[in-house]
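Structure first, then comments.
Remember, predicted model here, so these are calculated numbers, not experimental data. Below, read A as the first sequence line, B as the second, and so on, with proteins coming before strands; counting in each chain starts at 1.
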2 protein chains.
Amino acid sequence: MEGIVVKGIQKNFGKKTVLQDVDLQIKPGKIYGLLGRNGAGKSTLLSIIANRIFPNMGTITLDGQTVFENDKALGQMYLMSERNLYSKSSKLKHLLGTTELLYGNFDYEYAYQLAEKFSLDLNQKFGKLSTGYRSIFKLIVSLCVPAKYILLDEPVLGLDANHRELFYREMVDNYVKTGKTFVISTHLIEEITNSLEHIFIIKNGQIIIDGDVEDVLNKAYLVSGPAKEVAQYTAGLNVIGQEKLGNIQGDYVFGKLDSERVLPDTVTVEKPNLQKLFINLTNTKEENK
Amino acid sequence: MEGIVVKGIQKNFGKKTVLQDVDLQIKPGKIYGLLGRNGAGKSTLLSIIANRIFPNMGTITLDGQTVFENDKALGQMYLMSERNLYSKSSKLKHLLGTTELLYGNFDYEYAYQLAEKFSLDLNQKFGKLSTGYRSIFKLIVSLCVPAKYILLDEPVLGLDANHRELFYREMVDNYVKTGKTFVISTHLIEEITNSLEHIFIIKNGQIIIDGDVEDVLNKAYLVSGPAKEVAQYTAGLNVIGQEKLGNIQGDYVFGKLDSERVLPDTVTVEKPNLQKLFINLTNTKEENK
């Protein structure tokens, strides 16, 4: 099978199971979103795919070959991790060289162009950078390594709005030019939705949604109006969340509406965006109070 | 004068001037936003207000008293900083006690309630937390200290969408109940706009906007339509940014439109949101290319 295939992954930290029965496929030439709450297991999953940590059960293959201790396969994947693995006393321009030693063929010209666009001085030491600029440096490296599969864990952490827009543009531009595959884990769902083709939503260590963005959004509805009429209309449907304001109620439905039911004049049906859908799919009971 | 008064602040790091001629007033009982690009000087300004670092010129007073070496004044301010100042090997519940030693009267009951809402186990060590949960712990402390002025530097760094919504609700709720003053520095402008009353925008170390959110937004316009008609309509006005898509042009105007000019049928005038306005006010020339 082409691409990265994740099969039956389980991971425990001590007594806690952080990933369970995770199956998914990352096909070449797409932009994927890996979405989940704080603590859902996103970073652990990305680290397992990139062979940085090992699962208790399950396998990762790339184009049918196991990734475990397979340098050729691993050389095709690059993980930008949330952790800062660089030496704090190293100058940024020297760190680019270190990346080339590990991955080969680093695109210095593009890196220098990006540094200028993001107003990043490559003569600085990594340890002197703010959170935002640490992310920017790691992003630049991710866009310039020759790997085919680029895994980005929280790429826009600490970036201002202008820099986030710039990054999304550069990533899509890079994707169109190179046909690389990107897997992005992010908490800023609304602003990245248009750049994503396919999403995985992970909740408590399990994949609960795996589909093209368009297909997923097509199944989501927000039904709102007077509480009684809304409740009648959504009875028996898959209501995943609810908002209330006085007597007005909004029910989030995921799945199908019942085409036999007549929509009362006082009730409206809208399409929620991906962030609203995500919040409702992943909220805990405590938070709904 | 009541509240915190920042007067004539200048700060240099080596040869670089990071803050220049900064004057502003933080009045009691309001929620302020301090907005700026990566590297604009926000964190430096908050650290100077909280007396963590010292300016090269200028003064900070609280209710007319200088803040410098003034324990009583400093006890009324709390800065949640982006840096992690806690010992990594300390358990969270013990860190709450440390805060009480410094600030007195810590609201433990509220802290335990918040920890439950955010699904944070206070028996963990600080060093074991992810970026998101480090922010959550620091937020909880900020909401439970008895200080009157709460300065929050990047409070939602790494928080998922549900946790961000929860924090905004808790902060506004806390504000209504206690009448405390909040100053929030954040890059997620769009989602916090409704919680803010007054904003400061800082660019290259200088305050360029200081006003109530409503007044600032009232001065912002997006004029769009065929390039030629738009250019004619906005000629001589304060155009701060431009978007182009083929022959269609959008000009962001900040200030006043000319009421004498007739708006052609093909041209529309809309109100941009605060994030779009911010991006246009603070973009560099390179980014507009």
inquiry  = Heavy-atom cut-off 4.5 Å, strictly under: side chain, backbone, both or neither for A/Ile136 against chain B?
reply    = side chain
key: Under the side-chain contact (heavy atoms from CB on, under 4.5 Å) test, residues paired with A/Lys138 that sit two or more places apart   = A/Met80, A/Asn84, A/Tyr86
inquiry  = Is B/Lys276 close to chain A through its backbone or its side chain, or both, or neither, when contacts mean heavy atoms under 4.5 Å?
reply    = side chain
message = Counting C-beta onward and ignoring hydrogens, is there a side-chain heavy-atom pair between B/Leu122 and B/Lys91 closer than 4.5 Å?
response = no
task = For each of A/Arg164, A/Gln275, A/Glu191, A/Glu165, tally heavy-atom pairs with chain B at distances under 4.5 Å, and name the one with the top tally.
result = A/Arg164
task = Any chance you could lay out the salt bridge (charged side-chain N to carboxylate O under 4.0 Å, His left out) test for B/Lys177 and B/Asp173, step after step, and finish with the verdict?
result = CA-CA 6 Å; B/Lys177 279 186 189 149; B/Asp173 195 46; 3.2 Å; yes
ask   = Under the ring-ring contact (aromatic ring centres under 6.0 Å, His included) test, which residues partner A/Phe200, sequence neighbours left out?
value = A/Tyr32, A/His198
key: chain A contacts, top residue of B/Thr186, B/Leu159, B/Ile189 (heavy-atom pairs, under 4.5 Å)   = B/Leu159
